[in-house]
Amino acid sequence: MKKIEAIIRKSRQDIVQESLWKRGFTGMTVTEVIGSGSTRRNDYLAEVEQKGYRIDLRPKVKLEIFCNDEDAETIIGIIMSNACTNSVGDGRIFVLNVEEAIRIRTGERGESIL
Ligand SMILES: Nc1ncnc2c1ncn2[C@@H]1O[C@H](COP(=O)(O)OP(=O)(O)OP(=O)(O)O)[C@@H](O)[C@H]1O
Ligand SMILES: [Mg+2]
């Protein structure tokens, strides 16, 4: 099992969610978050320190999706094609290995609950 964490633009949230749902990937947890990336690391950090600016934490949306190994690339593709605007700040996707999944009501475990 994999966990896909995608941090995307708020403006792309609806289209990404709907595209996933249409392809049958309905299980997800969505959170409004704030975050900072590394785009500005080289050109900006010195200026930030010099002028006493704070690095901005920008509003983003985080999708958390647990899935079978075989579905991971499909889900990543759907997210990428719908979250991409080709400008800085489109977000990032992180993929983690998952050890176990448990449905609380039944005690059922493993990929079958996904
Ligand atoms: N190392 C990290 N750990 C956790 N979250 C991160 C990390 N790096 C980036 N993020 C999250 O991802 C978002 C970065 O999105 P962003 O699109 O700015 O990435 P980027 O790598 O700077 O790409 P771009 O050049 O397109 O801006 C941040 O707002 C933050 O929420
Ligand atoms: Mg960035």
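Just so you know, ligand 1 is whichever comes first in the structure, and atom 1 is the first atom listed for that ligand.
Listed by atom number, the atoms of ligand 1 under 4.0 Å from R92 heavy atoms are 7 (C), 8 (N), 9 (C), 19 (O), 20 (P), 21 (O). Close approach to V88 involves these atoms of ligand 1, each under 4.0 Å from a residue heavy atom: 24 (P), 25 (O), 26 (O), 27 (O). Interface of G89 with ligand 1, defined as ligand atoms under 4.0 Å from a residue heavy atom, comprises 16 (P), 17 (O), 18 (O), 24 (P), 26 (O), 27 (O). Using a 4.0 Å cut-off to heavy atoms of K60, the atoms of ligand 1 that qualify are 29 (O).
Open room surrounds CZ on R23; 12 or fewer heavy atoms of other groups in view lie less than 6.0 Å from it. Within 6.0 Å of the CE atom in M80, the count of heavy atoms belonging to other residues, nucleotides or ligands does not exceed 12.
Close N/O approach between G35 and ligand 1 is found [any backbone or side-chain N/O within under 3.5 Å]. Between D90 and ligand 1, at least one N/O pair is under 3.5 Å apart.
Looking at V16, T31, I7, I4 one by one, the single match for side chain to side chain contact (heavy atoms under 4.5 Å, CB included) with L63 turns out to be V16.
Although no hydrogens or angles enter the test, the distance criterion places a donor-acceptor pair under 3.5 Å between the side chain of D90 and the main chain of T85. Checked by atom type and distance alone, the side chain of N97 never pairs as donor or acceptor with a backbone atom of K2 at under 3.5 Å.
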